[in-house]
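Just below is one structure, and these are the notes that go with it.
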Amino acid sequence: MIDVLLIQPPIQDFYLTAKRTIPYGLACIASSLIQAGFSVGILDGLATSKSKPIPLPEEMAYLNEFYGYADISPFSLFHQYRHFGYSFEHIRHQVKLSGAFLIGISSLFTAYSQEALLTAEAVKRHYPDCRIVMGGHHPTAMPETVMACPSVDFVIRGDGEAVMPHLAMTLRDKKQTSHLPGVVCRNPDGTIHMTAPVYMDNLDSFPPPAIHLTRQSYYQRHGKSSAVIMSSRGCPMTCSYCCFGKESQTPYRRKRVSTVIREIETAISIHHAGFIDFEDENLSLDRDGFMEILKGVLRQTREGNDPVELRAMNGLFPPSLDAEMIQLMKAAGFKALNLSLGSVCPDQLRRFSRPDVKTAFENCLNWAETAGMSAVGYIIVAAPDQNPYDSLEDLLYLAEKRVLVGTSVFYPAPGSLDFLRCQKMGLLPDHLSLFRSTALPVSHTTTRLQAATLLRLSRILNFIKALMDQGITLADIMSSSPGPGQNSREETGLNLLRLFLTQGKINGMTPEGDRFEHTIDLMLTQAFVNRLHRLSIKGATAPT
């Protein structure tokens, strides 16, 4: 029996990236509760390989035009919508066994907020005496939406570590909660008592995350555990699409380097982490601090621990990197750079409130190649007022660089400037579940058809780059004879690529071996093909 149970709910989507679902935030909140004298458990609804196909939600029916067929080719996008994680019934049963008087449910992303509410409803239906609090970015940004659910008793706005222990103590002592900063609750008349978010001023004054409460056996990579580290909260930049930047309500704060290094040492030496993802919004802005962190990782290796693989999957700002830093990143365990490019179009960069980082981006690619590292360059497509042919130029620019293409479809993140802009322009999706890239949520100057086409062109370009890495050129593809069929995914891709280069159409292959034509914007694909033959395309990895 425990006092407080913290839950990461299951999610429903086309795919799940497990290494990005480690419940770091819940582990941080748990440690603050433990320090305050409470017994705590974490129920990770995603820490299981269980998933099951479910019908596509009614509000997403328009996606059948783009994702309707199963495609085994390298040009596939998404197809089967699934429930990832434990069932709501299983979670309800585990909550009942815990005996906790306070249940905290994480709701980080607006697109998955319904699953968080369904978790709350399942728990409350069978365990009516418990108190349920919901926290995370979505409740912070849209508390009224969450409190509209009768099963949710409270919302925490801001940093859970700073608020949750006070809420737990107040409920334990049977006192009123309306005086608590950062806590949204109901008044006796049923109206909502709203408060402003509360944020930690000093990140170092809070205990390290309670990693031991997470299910480390699930988050393994190559037989070793995985970990998440955050050296900062928020971001000082002004990117319009980001809900954690300077223009948002989230302040930018950094941990002391010594605090971060202690977290890394615990993850490596005690929990035997073989993979660490830094989830900062902008990890390398503090050059000196980041260099010290990398040296701290290297010290762990020199002290006899196994080497660890490092990633910064939220993206790195190219102007913040230099040759010396990238060499040290390689030595410490980085194998790849996730570089945030955004766009190379000046007008779009102005709309995104981002500087032109093209020169710095190209320098990073050169330094990465010298260091023997791979790189991914991330662009955003289908934002409000964004021209799809500008996005095509972004793809063609990346075609000539030694880098993989990472194309992200824009979605309006609550709390960002672009969310407010979409709201004013009447572009916000009708359902919260559509606030995700896979839903192709905004159809403005780039239509959904064009957004889906740009995604497929990105897949085609990355497939071409993979062929280039094997020494296969476009001329080789055009001059060779078609293979016998679908003996391999690569052979299927080669046959379909040959058709694409001659016809400008994108075909897929069903699991049964039937070829079919994807719904695409033919003008975009034809413009892509016409330019592709005139480019000096580079592979994604340096020649040996």
Side-chain angles (χ1 to χ4, degrees), residues 65-67 69 71 73-78 341-349 358 361 376-383 385-410 437 440 443-469 472-480 482 490 492-509 515-540:
E65 180 181 4
F66 313 111
Y67 308 153
Y69 290 97
D71 184 3
S73 82
F75 312 149
S76 63
L77 294 178
F78 315 106
L341 179 63
S343 176
V344 296
C345 170
D347 288 342
Q348 189 55 48
L349 289 174
K358 188 162 62 175
F361 178 77
V376 184
Y378 289 93
I379 60 171
I380 298 174
V381 305
D385 290 316
Q386 189 169 14
N387 187 321
Y389 288 90
D390 288 338
S391 298
L392 195 68
E393 290 299 320
D394 292 337
L395 290 180
L396 295 168
Y397 167 79
L398 292 172
E400 295 193 294
K401 308 302 174 191
R402 199 168 299 286
V403 63
L404 280 173
V405 179
T407 298
S408 301
V409 175
F410 170 88
S437 291
L440 312 176
S443 185
H444 189 224
T445 48
T446 299
T447 66
R448 288 192 175 111
L449 176 63
Q450 291 168 328
T453 302
L454 289 165
L455 278 178
R456 290 204 190 276
L457 292 177
S458 303
R459 297 289 175 91
I460 289 172
L461 183 51
N462 281 336
F463 182 67
I464 292 172
K465 284 175 171 285
L467 296 176
M468 293 284 181
D469 288 337
I472 303 172
T473 66
L474 291 185
D476 295 332
I477 296 166
M478 296 299 292
S479 62
S480 62
E490 183 175 303
T492 297
L494 280 167
N495 290 338
L496 297 182
L497 179 59
R498 194 176 294 104
L499 285 172
F500 171 73
L501 293 172
T502 55
Q503 301 175 5
K505 298 178 181 179
I506 304 178
N507 288 274
M509 185 74 71
R515 181 162 56 87
F516 66 94
E517 201 172 300
H518 283 296
T519 305
I520 59 168
D521 185 300
L522 283 171
M523 291 182 66
L524 265 181
T525 56
Q526 196 59 60
F528 182 82
V529 172
N530 290 342
R531 291 279 299 282
L532 204 60
H533 290 290
R534 302 198 297 269
L535 297 180
S536 299
I537 305 173
K538 289 186 178 178

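These numbers come from the heavy atoms of this one structure, side chains and all, not from hydrogens, waters or symmetry mates. Position 1 is the first residue of the sequence, and the numbers go up from there.
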What distance separates [X] [atom1] from [Y] [atom2], expressed to the nearest 0.5 Å?
{"X": "Leu454", "Y": "Leu449", "atom1": "CG", "atom2": "CG", "result": "9.5 Å"}
{"X": "Arg531", "Y": "Gln526", "atom1": "CZ", "atom2": "CD", "result": "13.5 Å"}
{"X": "Arg448", "Y": "Thr453", "atom1": "CZ", "atom2": "OG1", "result": "13.5 Å"}
{"X": "Leu392", "Y": "Met523", "atom1": "CG", "atom2": "CE", "result": "11.5 Å"}

Between the side chain of [X] and the main-chain N/O of [Y], is any donor-acceptor distance below 3.5 Å?
{"X": "Lys465", "Y": "Ile537", "value": "no"}
{"X": "Asn462", "Y": "Leu404", "value": "no"}
{"X": "Asp469", "Y": "Ala466", "value": "no"}
{"X": "Arg459", "Y": "Pro74", "value": "no"}

**Study point:** Geometric class of the Phe75/Phe463 ring pair [parallel <30°, tilted 30-60°, perpendicular >60°]
**Key:**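 If you compare the ring of Phe463 with that of Phe75, the planes turn out perpendicular.
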Point to revise | Full working for side-chain contact (heavy atoms from CB on, under 4.5 Å) between Ile380 and Ser343 | key: CA-CA 7 Å; Ile380 298 174; Ser343 176; over 6 Å; no
Minimum side-chain heavy-atom gap [X]-[Y] below 4.5 Å:
{"X": "Thr446", "Y": "Val381", "result": "no"}
{"X": "Thr525", "Y": "Ile460", "result": "no"}
{"X": "Asp347", "Y": "Asn387", "result": "no"}
{"X": "Leu77", "Y": "Arg456", "result": "yes"}
{"X": "Asp71", "Y": "His518", "result": "yes"}
{"X": "Phe500", "Y": "Asn507", "result": "no"}
{"X": "Tyr397", "Y": "Leu341", "result": "yes"}

Write down the atom of [X], the atom of [Y], and the distance for their closest heavy-atom approach.
{"X": "Gln450", "Y": "Thr445", "answer": "OE1-O, 3.7 Å"}
{"X": "Ala399", "Y": "Leu461", "answer": "CB-CD1, 3.7 Å"}
{"X": "Ser458", "Y": "Thr407", "answer": "OG-OG1, 2.5 Å"}
{"X": "Phe66", "Y": "Thr519", "answer": "CD2-O, 4.4 Å"}
{"X": "Leu501", "Y": "Met478", "answer": "CB-SD, 3.6 Å"}
{"X": "Val403", "Y": "Gly377", "answer": "CG2-N, 3.2 Å"}

Review point. With sequence neighbours excluded, what pairs up with Phe78 under the ring pair (Phe, Tyr, Trp, His ring centres under 6.0 Å) test?
Key: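 Here the qualifying residues are Phe14, Tyr15, Tyr67.
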Review point. Would Ile506 and Leu457 satisfy side-chain contact (heavy atoms from CB on, under 4.5 Å), going step by step from the backbone distance to the final call?
Key: CA-CA 9 Å; Ile506 304 178; Leu457 292 177; 4.2 Å; yes
Check your understanding: Between Leu467 and Leu494, is a side-chain contact (heavy atoms from CB on, under 4.5 Å) present by the stated rule, with each step listed?
Key -> CA-CA 9 Å; Leu467 296 176; Leu494 280 167; 3.6 Å; yes
Practice item. Tell me, yes or no, whether the heavy-atom count around Tyr389 atom OH, taken from other residues, nucleotides or ligands under 6.0 Å, exceeds 12. Key: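 Count over threshold, so yes.
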Review point. More than 12 heavy atoms of other residues, nucleotides or ligands under 6.0 Å from CZ of Arg515: is that the case?
Key: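 Counting other residues, nucleotides and ligands, CZ of Arg515 stays at 12 neighbours or fewer.
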Practice item. Could I get the full list of side chain to side chain donor-acceptor pair (under 3.5 Å) partners for Gln503, not counting sequence neighbours? Key: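 If we apply the side chain to side chain donor-acceptor pair (under 3.5 Å) test to Gln503, skipping adjacent residues, there are no hits.
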Point to revise | Set of side chain to side chain donor-acceptor pair (under 3.5 Å) partners for Ser391, sequence neighbours left out | key: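 Listed in chain order: Gln386.
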Exercise for review: Before giving the answer on side-chain hydrogen bond (donor to acceptor under 3.5 Å, both in side chains), spell out for Asn495 and Arg498 the whole-Å C-alpha distance, their side-chain angles and the decisive distance to 0.1 Å.
Suggested key: CA-CA 5 Å; Asn495 290 338; Arg498 194 176 294 104; 3.2 Å; yes
Practice item. Please test Asp385 against His444 for side-chain contact (heavy atoms from CB on, under 4.5 Å), starting from the C-alpha separation and ending with a verdict. Key: CA-CA 7 Å; Asp385 290 316; His444 189 224; 3.1 Å; yes
